[in-house]
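Remarks on the structure that follows.
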2 protein chains.
Amino acid sequence: MYRIGELAQRYEVKTDTLRFYDKHGLLTPSSRSGSGYRIYTEADAERLRFILRAKAVGFSLTDIAELLSIELDKSNWACADVKGVVDIKLADVEVKIAELNYFKTSLQRLSDACCGGPESAEHCSILEALESNSSAIKCENQTHDHDQSHYSKNCQSKG
Amino acid sequence: MYRIGELAQRYEVKTDTLRFYDKHGLLTPSSRSGSGYRIYTEADAERLRFILRAKAVGFSLTDIAELLSIELDKSNWACADVKGVVDIKLADVEVKIAELNYFKTSLQRLSDACCGGPESAEHCSILEALESNSSAIKCENQTHDHDQSHYSKNCQSKG
DNA sequence: CTTGACCTTAGATTCAACTCCAGGGTTATA
DNA sequence: TATAACCCTGGAGTTGAATCTAAGGTCAAG
């Protein structure tokens, strides 16, 4: 049995976030104290762990709610329906794994190409590392002005 | 050479999105026509492909900008710096792959546990499928009212 | 030489997922 | 019994990533 602050601290989230999950039906505490305090059980904590892990791999809260909803009473959902939902998510996950493996390979190749020897810096662009048929996109010593709403840090000098 | 509308159509994004990427320095068209139209080259298109793939696996635009910025002029960045940045992303990607494999296994287990035989629906909760030490979180025929700002679809009846 | 499908900008709006704030109740401790 | 550290609600504000709107320039076809 945890109060909201305890659960929040244990999983390094804000109490606001837990209230937000409650409000949106993702994680409703198993009970309330006499004075209205949220009381979370170990099962609630497990549900939270699931939510946080799922979020970390890119599921939206809507996705997560759908996954969690497959804790259903069998009379209302056919097995085939469940399998349908799950298989869609599964396909999703498999695509993501494949894509991530592509990035993993690319990043490794980039690391190797860049820091192997004296001729190292010749292929220091991720685009080149990714697909060697790429025409080089090189960064010369352009110094275009930048307003701060830029994501790009291209060519910024260092040191 | 593509105009903004062509590139957008080819990669199924909005022209607004491309202008947004331009404004934030993620994808600046290689040139402008006399009348100010954005002109994208094949290299720009490749950069866009990278952005879209990276986004799809959960990199933020800030992450992506950082990755793309490693197309740098070697004099300003040391190899070790590049390796540092890349290795951080690599570790990131590896964690994500591991987590996704966990979800893959879980979803497969859920699919199997649920739709194997006549006793099928006994373990139809993803939480149970994930960690069998979980105390069952079951969904009875509660019908609590729901305002629409809910993510959760728990226990909704079907058909 | 105008119509319509393009393109431009600046700025407002949307959406998800928080995060914070105001105003007020509760509970353990000095 | 009062002070601080909790908790509550409702509602406003923030951030990231678009997406839309308004007001206007460009260009090929009829």
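Sequence lines set the chain letters: A, B, ... in the order given, protein chains first and strands last, and positions in each chain run from 1.
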Indicate whether the side chain of Tyr40(A) and that of Glu6(A) have a donor and an acceptor atom separated by less than 3.5 Å. no

Is Leu61(A) close to Ile64(A) at the side-chain level, that is, under 4.5 Å between some pair of heavy atoms? yes

Can you check whether Ser30(A)'s main-chain N or O pairs, donor with acceptor, with Asp44(A)'s side chain at less than 3.5 Å? yes

Between dA5(C) (P) and Gln9(B) (CD): distance, integer Å: 14 Å

Whole-Å gap separating P (dA17(C)) and CG (Leu26(A)): 9 Å

Return the value, rounded to whole Å, for the distance between atom CG of Leu48(A) and atom P of dC18(C). 11 Å

Every protein N/O within reach of nucleotides 14-18 of chain D N/O, cut-off under 3.5 Å:
| residue | atom | partner | partner atom | Å |
| --- | --- | --- | --- | --- |
| dA17(D) | OP1 | Leu61(B) | N | 3.0 |
| dA17(D) | OP2 | Tyr151(A) | OH | 3.0 |
| dA18(D) | OP1 | Tyr21(B) | OH | 3.4 |
| dA18(D) | OP1 | Lys55(B) | NZ | 3.3 |
| dA18(D) | OP2 | Tyr21(B) | OH | 2.7 |

Integer-rounded Å distance: dC18(C) P and Ile51(A) CD1: 10 Å

Give a yes or no answer on whether the side chain of Arg38(A) reaches the backbone of Ser33(A) with a donor-acceptor pair at less than 3.5 Å. no

Cationic N near anionic O, under 4.0 Å, Arg19(A) to Asp16(A): yes

Rounded distance [0.5 Å steps], CG in Asp22(A) versus OG1 in Thr17(A): 12.5 Å

Side chain to side chain, Ile51(B) and Leu68(B), heavy atoms closer than 4.5 Å: yes

Output the rounded distance in Å from CG (Asp22(A)) to C1' (dC18(C)). 15 Å

May I ask you to check if Arg53(A) and Tyr102(B) form a cation-pi contact, with NZ or CZ under 6.0 angstrom from the six-membered ring centre and within 45° of the axis? yes

Considering only nitrogen or oxygen atoms on both sides, find all protein atoms under 3.5 Å from nucleotides 7-9 of chain D and state each distance.
| residue | atom | partner | partner atom | Å |
| --- | --- | --- | --- | --- |
| dC7(D) | OP1 | Gly5(A) | N | 2.8 |
| dC8(D) | OP1 | Arg38(A) | N | 2.8 |
| dC8(D) | OP1 | Arg38(A) | NH1 | 2.8 |
| dC8(D) | OP2 | Arg19(A) | NE | 3.0 |
| dC8(D) | OP2 | Arg19(A) | NH2 | 3.1 |
| dC8(D) | OP2 | Arg38(A) | NH1 | 3.3 |
| dT9(D) | OP1 | Arg32(A) | NH1 | 3.3 |
| dT9(D) | OP1 | Arg32(A) | NH2 | 3.4 |
| dT9(D) | OP2 | Arg38(A) | NH1 | 3.0 |
| dT9(D) | OP2 | Arg38(A) | NH2 | 2.7 |

